[in-house]
Every structure is written in structure tokens, then in C-alpha cells.
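To keep things clear, I will list the structure first and then write my remarks on it.
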Amino acid sequence: MMKIKILTLFPAMFDCMHESIVGRAIKSGIIDFEAVDIRRYSRDKHFKCDDTPYGGGAGMVMTAQPIFDCINAIDPDHEYLRVYMSPKGERLSDGLCRELARNDNLLILCGHYEGVDQRVLDLCIDREISIGDYVLSGGELAAMVVADATARFVDGVLGCSDSHEDESFSDGLLEYPHYTRPPEFMGLKVPEVLLNGNHKEIEKFRRQKSEEITRARRPDLLGKKDGE
Ligand code: SAH
């Protein structure tokens, strides 16, 4: 079982985690998922959680106090790996998701506005992770990406235990194309080899397609180690 706590000003955004594969894992108790409202921990009488930046400049900064108290209430003994979503963090990859999935407890802090007071990051956060070189309005979508992609590596989350072994990146290659019924659609036929039940031939065809598509689209992946 993996515990995932998300710290956010917008917990309702995480309702969609209760759908599909991750939703099923939550229902069956493999993932214990909670979106915690940082605002509840604000000691301000109006539950304010942001303020103007020292030194001037645009926008608002999330204040340290509510985040600090929230983290210490949830994780007083620092049993969670504490991650802050940030465009300045290390870039998320298949390998990093596998690594995160080895933690039993994962806490993800979502920033908003201009970001978070640096002091609470210095005091509480173990790791900063970015999902790519672009700026989102908040860490919520990024946290969902991390939670979803990480949950897939927790034992029992995917229906069939080996179903991520074939997937893109798992062996340093992009995945082969998929086909399902009908055998012909708008004049396009399913490749013959997939219909004849010869598993050796099918495996060879898929490997060849994987290599072809990786060479064409992501030559940078060739020659890399798994999940790198
Ligand atoms: N001023 C900051 C960006 C703030 S964006 C800067 O220029 O670096 C507001 C919040 O969205 C951030 O605090 C962070 O939690 C989240 N965020 C934005 N882009 C992200 C990305 N690429 N990956 C992960 N989190 C991101």
C-alpha cells in the first residue's frame, strides 16, 4: 500500500483521481490518496495563504505558516518523501516514477500564484520535481501527473502484473502500435502477422516497429539505459 498526500489550495481539483486505473487502486486500498486543503491550517482570521512578494514584483507568494503547519500535522516524524512541484525541479521521467513508487509515503506540495516562500521549502521539502519546461498556473496538474505515473508502478495497481513491461520507455524504446477489431477499417487492414497467432513472429514484428518508431521520433532514447 502506498500513501499519497497532496497539499493544495484546490483539493477539489483532485476529484478526477478517483476515476479509472488510479481510482480502482484507491477503492481497493492499494493506494491511500488524500488531497489536503492547506487553507485549513492558516492561522490568519480570514484563512489567508498568500501575500505580496518582498522586494516587489508581480503576483502573490504562498506564505510559509499554513504550509509548515500542514506538513507537520500530516507528517510529524518525516516518514513521507516530501516533494514540491516546481518548474525549477528535476525533470520527471519513467525512471524517477519507478524510484518514487519505492516510497511507502509520498507527500506532494502544490504551489500556486508566483510560488511558495523559499523558507518553507528549505525547512520541509526533500525534492523538487518538474513535469517539463513550461509554466503551469499551479502545481495541481503536475502533482496529478506524478501521482498517476508513479501509482502505475505500485504492485497491484495495473490489472496484469507485467503490463508496464511492454510500455514506452520501459525498455528504452517507444511502444509498438496497437490494433483491435475489426480486421479492416476504412480500407486499412491489421498487419497480417498479428492475426496468425505465431507469437515469435508477433514479438519480432513488435520489436521491429518499436525500434522504427523510436529511431524516427526519439533517436535520443536509443543507447540509453532503462528509464534513464
Ligand atoms: N514563478 C515560478 C512559477 C510559478 S507557477 C517560476 O517562474 O519558476 C505556480 C506553481 O505551479 C509553482 O509553484 C509550481 O508548484 C507549479 N508549476 C508550474 N510549472 C510547473 C512545472 N513545469 N512542473 C511542476 N510544477 C509546476
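Start at 1 and go down the list; that is how both ligands and their atoms are numbered.
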Self-check item: Arg207/Glu211 salt bridge by N-O under 4.0 Å criterion
Solution: yes

Quiz item: If you measure only the distance, is there a donor-acceptor pair under 3.5 Å linking the side chains of His78 and Asp126?
Solution: yes

Quiz prompt | Within residues 127-150 or reaching into it, pairs that qualify as salt bridge (charged side-chain N to carboxylate O under 4.0 Å, His left out) - sequence neighbours excluded | solution = Glu90-Arg127, Arg91-Asp133, Glu99-Arg127

Quiz item: Taking the six-membered ring for Trp, are Phe14 and Phe33 parallel (under 30°), tilted (30 to 60°) or perpendicular (over 60°)?
Solution: tilted

Run through all N or O atoms in ligand 1 and write down each protein N or O closer than 3.5 Å, as a pair with its distance.
| from | atom 1 | to | atom 2 | distance (Å) |
| --- | --- | --- | --- | --- |
| ligand 1 | 1 (N) | Glu114 | O | 2.9 |
| ligand 1 | 11 (O) | Gly139 | N | 3.3 |
| ligand 1 | 13 (O) | Tyr84 | OH | 2.7 |
| ligand 1 | 15 (O) | Met85 | O | 2.6 |
| ligand 1 | 15 (O) | Gly111 | N | 3.0 |
| ligand 1 | 19 (N) | Leu136 | N | 3.0 |
| ligand 1 | 22 (N) | Gly132 | O | 3.0 |
| ligand 1 | 22 (N) | Tyr134 | O | 2.8 |
| ligand 1 | 23 (N) | Ile131 | N | 3.1 |
| ligand 1 | 25 (N) | Ser86 | N | 3.3 |

Quiz item: For Asn196 and Glu192, does a side-chain donor sit closer than 3.5 Å to a side-chain acceptor?
Solution: no

Exercise. Flag the pair Glu167 and Arg152 as a salt bridge only when some basic side-chain nitrogen lies within less than 4.0 angstrom of an acidic carboxylate oxygen.
Key: yes

